[in-house]
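Written below as structure tokens is the structure these notes are about.
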Amino acid sequence: MTVVITGGTGFTGTFLLRSMLARDPGEVVVLSRDEPGRAHGRLLRALDALAAPSAVRQAARRQVTAVQADITRPGLGLPADRFAALAASMTELWHCAADTTLNADPASLRRVNLGGTQNVLALAEAAPPGARVRHLSTAFVAGRRREGLILEDELDDSAGFENDYERSKYDAEVAVRDWSSRTGRPVLVLRPSLMVHDRPAPAGVPDHQIGSLVSLLARMRAVHRRPGREPLTVRLPGRPDARLNMVQVGWAAEAMLEASARIAGRPAGAVTTLHVVHPQDTPAEKLWRLAAENVPEFRLTLGPAPADPNFLERFAATYFQPFLPFAWHRRSYDRARLVSALPSGHRPGPLSFDFLFAVLDSPRIERPHPASAERRPSR
Ligand SMILES: NC(=O)c1ccc[n+]([C@@H]2O[C@H](COP(=O)([O-])OP(=O)(O)OC[C@H]3O[C@@H](n4cnc5c(N)ncnc54)[C@H](OP(=O)(O)O)[C@@H]3O)[C@@H](O)[C@H]2O)c1
């Protein structure tokens with residue numbers, strides 16, 4: 001058995017590998033743009049940072065091989081015989097690699113996320129017919145649909161997209177569906193929402209997306225320090241009752257592997273799509289309260305865009321730009337099919353204040369007084 005994983009060195013990939021290696025998957029090949037020794041080293045450091053059990057770390061040394069490959073190149077940039085041998089040995093493919101920068105150049109997003117997916121599907125097509133294909137998409141392919149319930153089967157671009165990342169992931173899902181119907185091979189498409197974890201990642205270890213928001217808050221704070229003075233109100237455009245689906249990445253990785261194993265034993269549908277999301281959306285207001293704990297100099301509010309923005313509001317409008325549209329979202333995601341694919345009771349823990357505090361807490365935010373680091377929000 002050989003599992004091939006793209007993006008195994010990334011944020012989600014390392015959590016997936018941690019869970020996968022605990023299940024003894026056989027040989028695992030990680031495709032990375034990096035030189036193999038360095039890619040393997042990055043992976044081992046990430047597993048150390050996740051405090052992976054020693055059996056998992058040993059398995060990572062023994063069973064994981066890194067192969068230098070670029071998904072944007074035809075044949076993944078591998079010599080033809082290497083590509084053919086990799087495909088022939090492959091029993092399972094996890095395609096996790098992507099450019100996840102929300103505001104990256106559209107052509108580059110398309111090249112990596114759509115073109116890369118097509119090149120990875122060519123590897124799957126060259127594999128034995130029974131090889132399982134798992135494609136990591138995102139709940140955000142729902143794009144600019146800001147209200148209502150998004151069904152797991154839905155794939156609809158009529159509302160448009162909040163950014164070019166979403167569009168490129170939508171296009172990749174369309175390509176996966178086309179490929180499956182052309183080749184008759186089933187695919188499991190997994191759509192996580194925003195995955196988070198409660199430990200700051202050490203330097204060089206991949207971090208969650210929300211880490212860049214936390215860094216931006218720290219920059220805002222550096223721009224405007226007001227020690228001992230009243231908090232400054234920063235009015236961000238959005239609705240006060242906005243909500244966002246966030247899910248613990250450790251649980252999401254377990255759920256994806258569990259669903260993958262259970263679905264494998266069923267009669268194959270063409271494409272099965274699962275929303276790997278938390279059963280409860282997180283109110284933006286809860287996040288703001290926690291951010292206020294971490295950055296007491298600011299009072300963040302959501303409402304109409306201010307007509308007379310102060311300089312911090314202008315700063316936020318520029319640097320928070322990729323994240324701001326989500327402050328208008330109130331949609332939620334159907335997860336009935338995910339639930340039916342999991343053992344009963346397999347659900348993530350609540351996103352408690354303590355958990356979310358740890359998500360937003362970070363060494364990136366330098367605290368003004370040691371005492372404020374001790375405070376926890378009241379419930
Ligand atoms: N993070 C989230 O909250 C979230 C939510 C929903 C869906 N997703 C989806 O989950 C997947 C993983 O996301 P992530 O946040 O974990 O990603 P990430 O941390 O940004 O990692 C991206 C990975 O993609 C690989 N990669 C990028 N370009 C490549 C190329 N040209 N050739 C080969 N590998 C390439 C990188 O490997 P090297 O640097 O080693 O080459 C890296 O391992 C993506 O499909 C993303 O759309 C993520």
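Counting starts at 1 for both ligands and their atoms, following the listed order. Along the sequence shown, the residues carry numbers beginning at 1.
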- Item | Glu254 and Ser19 side chains, donor-acceptor separation under 3.5 Å | yes
- If you look only at pairs with a residue in residues 154-198, which of them pass as a ring-ring contact (aromatic ring centres under 6.0 Å, His included), with sequence neighbours excluded? Phe11-His197, Phe15-His197, Phe161-Tyr170, His197-His208
- Query: Under a 4.0 Å heavy-atom cut-off, what residues line ligand 1?
  - Reply: Gly7, Thr9, Gly10, Phe11, Thr12, Ser32, Arg33, Arg42, Ala69, Asp70, Ile71, Thr72, Cys96, Ala97, Ala98, Thr100, Val112, Leu136, Ser137, Thr138, Tyr165, Lys169, Pro192, Ser193, Leu194, Met195
- Task: Go through the steps to decide whether Phe323 and Leu102 satisfy the test side-chain contact (heavy atoms from CB on, under 4.5 Å), and finish with yes or no.
- Result: CA-CA 8 Å; Phe323 305 102; Leu102 303 187; 4.1 Å; yes
- Message: According to side chain to side chain donor-acceptor pair (under 3.5 Å), does anything in residues 114-123 pair up with another residue at least two apart or in another chain? List the pairs.
- Response: His95-Thr117
- Note on the structure: Contacts of Ser332 meeting side chain to side chain contact (heavy atoms under 4.5 Å, CB included) (sequence neighbours excluded), chain-then-number -> Leu149, Arg243, Asp281
- Message: Any salt bridge linking Arg144 with Glu166? Criterion: basic side-chain nitrogen under 4.0 Å from a carboxylate oxygen.
- Response: no
